[in-house]
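Below: the structure, in structure tokens.
Just so you know, ligand 1 is whichever comes first in the structure, and atom 1 is the first atom listed for that ligand.
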Amino acid sequence: MEPYIDIHTHTYYAFENARLLLNVFPEEAEKFMHQCYYSVGLHPWYVHTESLEKNLKWVEEQSENSLVLAVGEIGFDKIIDVPWKEQAYAFERQLDLAEKLSKPVIIHCVKAYNELIVYRNKSNQKIPWIFHWFNAGIEIAHELIRRNCYLSFGHMLFKENSRAFRSFAEIPLSSLFLETDDTGYTIKEIYDRAAMLKGISLSSLAKSVGDNFTKCFSHH
Ligand SMILES: [Zn+2]
């Protein structure tokens, strides 16, 4: 069977037949000791005036590493104290970087889907964005998919009253990723759950996600 691709995790783990995209924040350079793929980015929670330039420089340097497949997670979060203007500055700088390097972007989005769609309209849409922990309705899902975005699902598939759960049934397999994001589920549990909800076999789900991985990370 094709590997289980975990498109977003903060902790390295070894799991039979899993392939990870391990997220690394500034000051987590020790994570680069593993033989796996990485994403690097300054998350909106960690945008602070004093360390901003230093951290952005670090992201710039690390993102040149060929094992770093994506810039992220970066994005917007409306339920934190970091001012919007500062989040926007960090996001825009890192978006420019991703476009310069032609690397996909892992998006963190809390209550900012509409603002991110505005950014998406102005961005180079040949470079895919992956919305990790996607949790919005199907209309937003379609708006994003139409703009060459992928949507990643994880533990919310176990929360039947979540927007993620309700949207999932209608998300095309060709726009789908799966993730653990340190939520306590194994990637196999997430794949099993997703295959069950889609009513398809584990191997055809893994094949679809594998095809998405190839398309997302090598087409541009
Ligand atoms: Zn995360």
Aromatic contact, Tyr12 with His34 (centres under 6.0 Å):
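Judged by ring-centre distance (under 6.0 Å), Tyr12 and His34 do meet the cut-off.
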
Distance flag, aromatic centroids of Phe134 and Tyr113, threshold under 6.0 Å:
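Centroid separation for Tyr113 and Phe134: below 6.0 Å.
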
Side-chain donor/acceptor of Arg120 to backbone N/O of Asn148, under 3.5 Å
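Yes: the side chain of Arg120 pairs with the backbone of Asn148.
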
Do any N or O atoms from the side chain of Glu99 and from the backbone of Asn124 form a donor-acceptor pair under 3.5 angstrom?
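It does hold such a pair.
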
Within a radius below 2.8 Å of the Zn ion (ligand 1), how many protein N, O or S atoms are present?
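Those protein atoms number 4 in total.
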
Looking at residues at least two apart in the chain, or sitting in another chain, which of them share a side-chain contact (heavy atoms from CB on, under 4.5 Å) with Asp182?
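Scan of Asp182 (side-chain contact (heavy atoms from CB on, under 4.5 Å), adjacent residues dropped) gives Thr9, His10, Thr11.
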
Strictly below 4.0 Å, N to O, side chains only: are Lys188 and Asp192 in salt-bridge contact?
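Yes, Lys188 and Asp192 are salt-bridged.
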
